[in-house]
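Note sheet for the following structure.
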Amino acid sequence: MDESILVVNCGSSSLKLALFDRHLQKTVSALAEKLNRPDAVAHISGDQEPIQLPSGASHKKALHKLIQAFAKRKSFSGQPIAIGHRVVHGGETFREAALINPETISAIQDCAGLAPLHNPVNLAGIKAMRALFPAVPQIAVFDTAFHQTLPERAYRYALPERCYKNWGIRRYGFHGTSHYFMAQEAARLLGKTPATTSIISAHLGNGCSITAIKNGLSVDTSMGLTPLEGLVMGTRSGDVDPGLFDYLAGKGVSADEVHTMLNNESGLLGLSGQTNDMRTICELAEHGHAPSRLAVDVFCFRLARYIAAMTASLTHLDAIVFTGGIGENSPQIRSETIKHLHLMGLEIDPELNQHHGRLSDGRVNSADSRFPVLTIPTNEELVIAREAGRLASA
Ligand code: ADP
């Protein structure tokens, strides 16, 4: 047995696998896409040839193929010491990562009603890996767990109590693994300990969320009962007036159609009318495409409003942190967002920003800025690998 740790991220139509060595360095990773479609395919890091998956491939079949391909690699003996799984919703049951056993599986199943698109596929990955590696400890790491420290005033909606008591309707928050990593990394870069570091962390990928972290703990976050609330995202609307459900019902639009519209046809895609890809939208805006310009404006303005809102939960602020594909790579989005926050005394340094903070330990703010603004690459897989290793040896 070697000392590698496998990380599994089973999404609704894709599957990501990463292998870490004993020093927690990533050695191989794989992405299987378009599962359940005839052209399903997988790519392994460093391999030229994509792996053709069986037509109508399930997560189980794809995992099987990828493990076989991994086994041909020198870095993998075929028996990891632990397997970590990303699980989207842990409800109020899971405040931290958990060793997978029949009780954990049934508790994850119980949370599936809160994340019908995610938890069942996460579970499919867990079950497939348990069949492939019955003797290896497996660990679930939850997107929601880091936010279980939210105070009640931040997690309760102003709804009748029965919504919370009977149906569990409250703010759960997501991207917890990434926000947790930001808290650790920001503290390290600032030369502080996480327990004394307070930040506002903006994770901006295809999904986007922002979290206020007070002395290392999540105290407010923009995503809610589901990952739909809050910031403008690739295809998700973020905040809208809940009155639109009723209004659209009156126009003959069904609940299913509203669900699809808000989750799959809105956000950057809806506003630009072209794509959910921020890089393309910025290019289109640059070339005078007005709907794309508007998409950037709405995105940055909403984000700036949320940054200001997050200060209500903090007594001091060590840094504002940008991460995720957009947060890490787009000087334009960072700069346009921070421009709205002049009253907070925030200022970007154009040169440092252009280099994504690589010249200055992540810092992209000017010397005059009242608070540091950092950009930090996220690494959710590393957090999952660490947690899996820790729990497996405990
Ligand atoms: P996911 O949430 O699927 O992991 P990522 O974190 O990779 O997604 O983020 C994807 C988003 O990052 C896309 O909208 C992509 O266009 C955007 N992005 C990546 N590089 C840039 C860039 N240089 N400028 C603007 N947006 C970028």
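Residue numbers run from 1 in the order of the sequence given. Every number for a ligand or one of its atoms is a count from 1 in the order of the listing.
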May I have a table of the N/O to N/O pairs between ligand 1 and the protein that fall below 3.5 Å, each row giving the two atom names and the distance to 0.1 Å?
residue, atom, partner, partner atom, Å
ligand 1, 2 (O), N206, N, 2.9
ligand 1, 3 (O), N206, ND2, 3.0
ligand 1, 6 (O), G325, N, 2.9
ligand 1, 8 (O), N206, N, 3.4
ligand 1, 12 (O), I326, N, 3.3
ligand 1, 14 (O), M278, N, 3.0
ligand 1, 16 (O), D277, OD1, 3.0
ligand 1, 16 (O), D277, OD2, 3.1
ligand 1, 16 (O), M278, N, 3.1
ligand 1, 16 (O), R279, N, 3.0
ligand 1, 23 (N), N329, O, 3.2
ligand 1, 26 (N), R279, N, 3.4

Residue of the set K339, Q332, R334 for which side-chain hydrogen bond (donor to acceptor under 3.5 Å, both in side chains) holds with E336: Q332
H147-Y172 aromatic ring centre distance below 6.0 Å: no
Other ILVMFWY residues reachable from M223 by side-chain steps of under 4.5 Å: V88, F174, M233
Donor-acceptor under 3.5 Å (N353 side chain, P331 main chain): yes
Interatomic distance, L132 atom CG to R130 atom CZ [nearest 0.5 angstrom]: 12.5 Å
Reported CZ-to-CD1 distance for the pair R370 and I320, which is rounded to 0.5 angstrom: 10.5 Å
